Amino acid sequence: MAKVVCVLYDDPVDGHPTSYARDDLPKIDQYPDGQTLPSPKAIDFQPGEMLGSVSGELGLRKYVESLGHEFVVTSSKDGPDSELEKHLADAEIVISQPFWPAYLTAERIAKAPRLKLALTAGIGSDHVDLQAAMDNDVTVAEVTYCNSISVAEHVCMMILGLVRNYIPSYNWVMKGGWNIADCVARSYDVEGMHVGTVAAGRIGLAVLRRLKPFDMHLHYNDRHRLPEAVEKELGLTWHATREELYGACDVVTLNCPLHPETEHMINDETLKLFKRGAYLVNTARGKLCDRDSIARALESGQLAGYAGDVWFPQPAPQDHPWRTMPNHGMTPHISGTSLSAQARYAAGTREILECHFEGRPIRDEYLIVQGGNLAGVGAHSYSKGNATGGSEEAAKFEKVK
Ligand code: NDP
């Protein structure tokens, strides 16, 4: 019998939803590059339901228990007294989500001698010390593509929101005002602006495709160049270094994974390379940016706006400066966990569990670490090492009811 520990975010403050705004989800046949959607043998949930919070249990309880395994679901993940910590000693599988990450540091992996699989119900496994996973033969897998388009939509929303000054204008309405001049004093059109993505993977490319009809000039930097036909189709300008891209753009969006090569790549020094008044949107990982440098750049006006939904650590403590810095459009980490995305990553998690329990190979496109090395998609997109340093700070978070 295996113990499966599943760490999920808390239910809504009013309890698990009993009804929903819409009756169904649109049917999607395949991902844009032809990759097939998650294909478990069965699912025990209704797509469109809340699956990502504790009561939703990713729709997995019936399946896991039917095999005779123990299934523990908790949101208690930080600090030595957390539920997660209590179950590490005999956990075979830890399932976690980037939105509410169960940080699997080297210390925690050392406390989990039976751990075989760290499964990310989403994309981005930087909450796992990948070096420690490699050293301890723990497989790390994630549900590649499950929410890439969800995030790309969020990025476009945030770019438009910042440039057009949406949130402050909305706030004037809520305050009972009709303060047009206050609203438009920071409002511009995106048309004609230069927008660049650091990384043109699944999300980055989808962002470029979605911004093309806004008549923006499109730029990108990536370790591997896109096919020439794609560059031509979208009229892309490629930059050999991300530093070169920063100076060429009015809007920069970060869409690369967090690994030692990208940690804190936006800092006081690199922000000087941006145009004054640039906008920065980061839905990839909070730690790609130096926290205080971002706040300073907004205060000085070097950045005209910053938005995103990723922080470090998560949840962010009440005194995290990104909650109160000027001209920001932050959300908690939600872009990849719309109800639409939840249905896909819950199905993908089930598919990976089925492979694990039936001794079948996990799809290459889902693998990050296997057999003591970076593997599958992880070997392409990550570098070796660890980016979990400082994650214990997440224990400082106090819930707001
Ligand atoms: P992909 O693997 O499709 O894309 C990642 C891209 O980043 C690849 O093209 C990779 O390049 C590129 N890359 C890696 N390192 C660098 C570097 N040093 N400089 C420039 N480019 C680099 O993943 P997705 O697009 O689906 O997701 C990207 C990231 O977004 C995830 O890793 C995750 O951190 C974050 N994410 C956030 C979500 C949210 O809810 N906010 C949800 C989903 C993802 P190459 O392969 O050419 O080496």
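In listed order, ligands and their atoms are each counted from 1. Only a predicted model underlies this, so the values are computations on that prediction, with no experimental measurement involved.
Listed by number with element, the atoms of ligand 1 under 4.0 angstrom from any heavy atom of S335 are 39 (C), 40 (O), 41 (N). Atoms of ligand 1 found under 4.0 Å from any heavy atom of V151 (numbered from 1 in listed order, with element): 38 (C), 39 (C), 40 (O), 42 (C), 43 (C). Against a heavy-atom cut-off of under 4.0 Å, S148 is close to the following atoms of ligand 1: 26 (O). Applying the 4.0 Å criterion to heavy atoms of A199 picks out, from ligand 1, the atoms 6 (C), 7 (O), 12 (C), 21 (N). Close approach of ligand 1 to T283 is summarised as follows: ligand atoms under 4.0 Å from at least one heavy atom of the residue are 37 (C), 38 (C), 39 (C), 41 (N).
Residue L254 comes nearest to C289 through the heavy atom pair CD1-SG, 3.8 Å, listed as atom of the first residue, atom of the second, then distance. Closest heavy-atom contact between G329 and A307: O-CB, 3.6 Å.
The shortest N/O to N/O separation between G124 and ligand 1 does not fall below 3.5 Å. Ligand 1 has no N or O atom lying under 3.5 Å from any N or O atom of T262, backbone or side chain. Taking distance alone, with nitrogen or oxygen atoms compared against 3.5 Å, L258 stays at or beyond that limit from ligand 1.
Remark: E393 engages K396 in a salt bridge, criterion side-chain N to carboxylate O under 4.0 Å. The residues E263 and K287 are annotated as salt-bridged, a charged nitrogen and a carboxylate oxygen being separated by less than 4.0 angstrom. Using a cutoff of 4.0 Å between basic side-chain nitrogens and carboxylate oxygens, E269 and K272 are scored as salt-bridged.
Distances from atom 44 (C) of ligand 1 to the heavy atoms of T120, N221, I203, V155 put I203 nearest. For atom 43 (C) of ligand 1, the nearest non-hydrogen atom from the set D222, D126, I334, N147 belongs to N147.
Applying the side-chain hydrogen bond (donor to acceptor under 3.5 Å, both in side chains) definition to pairs two or more places apart or across chains, those involving residues 150-165 are S150-R344, H154-T331, R164-D189.
Heavy-atom distances between F99 and ligand 1 reach below 4.0 Å in at least one pair. Residue A284 places a heavy atom under 4.0 Å from ligand 1. Within the structure, the closest approach of R242 to ligand 1 falls below 4.0 Å when heavy atoms are considered. Judged by the shortest distance from any of its heavy atoms, H259 lies inside the 4.0 Å radius around the atoms of ligand 1.
The main-chain N or O of I334 is never found under 3.5 Å from a side-chain atom of T337 such that the two would form a donor-acceptor pair. Checked by atom type and distance alone, the side chain of K77 pairs as donor or acceptor with a backbone atom of P101 at under 3.5 Å. At distances below 3.5 Å, not a single donor-acceptor pair connects side-chain atoms of T253 with backbone N or O atoms of V198.
Remark: minimum distance from atom 46 (O) of ligand 1 to any protein heavy atom is reached at H380 CD2, 2.7 Å. Annotation: atom 31 (C) of ligand 1 to nearest protein heavy atom, I123 CG2, 4.0 Å. The closest protein non-hydrogen atom to atom 39 (C) of ligand 1 is H333 NE2, 3.0 Å. Counting protein heavy atoms only, atom 4 (O) of ligand 1 is closest to G201 CA, 3.4 Å. The protein heavy-atom contact nearest to atom 18 (N) of ligand 1 is E261 OE2, 3.0 Å. The nearest heavy-atom contact from the protein to atom 28 (C) of ligand 1 is N255 O, 3.4 Å. Closest protein heavy atom to atom 1 (P) of ligand 1: R202 NH1, 3.5 Å. For atom 2 (O) of ligand 1, the closest non-hydrogen atom of the protein is S381 OG, 3.2 Å.
Aromatic pair Y9/H333: centroids not less than 6.0 angstrom apart.
Seen from the ring of Y145, R202 counts as a face-on cation partner, given the 6.0 Å and 45° thresholds. Cation-pi geometry between R291 and W311 is not met: the NZ or CZ atom fails to fall both under 6.0 Å from the ring centre and inside 45° of the normal.
For E85, the salt bridge (charged side-chain N to carboxylate O under 4.0 Å, His left out) test picks out R108, K111, with sequence neighbours left out.
Proximity of H224 to ligand 1, defined as any heavy-atom pair under 4.0 Å, is shared by backbone and side chain alike. Neither the backbone nor the side chain of V377 has a heavy atom within less than 4.0 Å of ligand 1.
No hydrogens or angles considered: a donor-acceptor pair under 3.5 Å links the side chains of D11 and S53.
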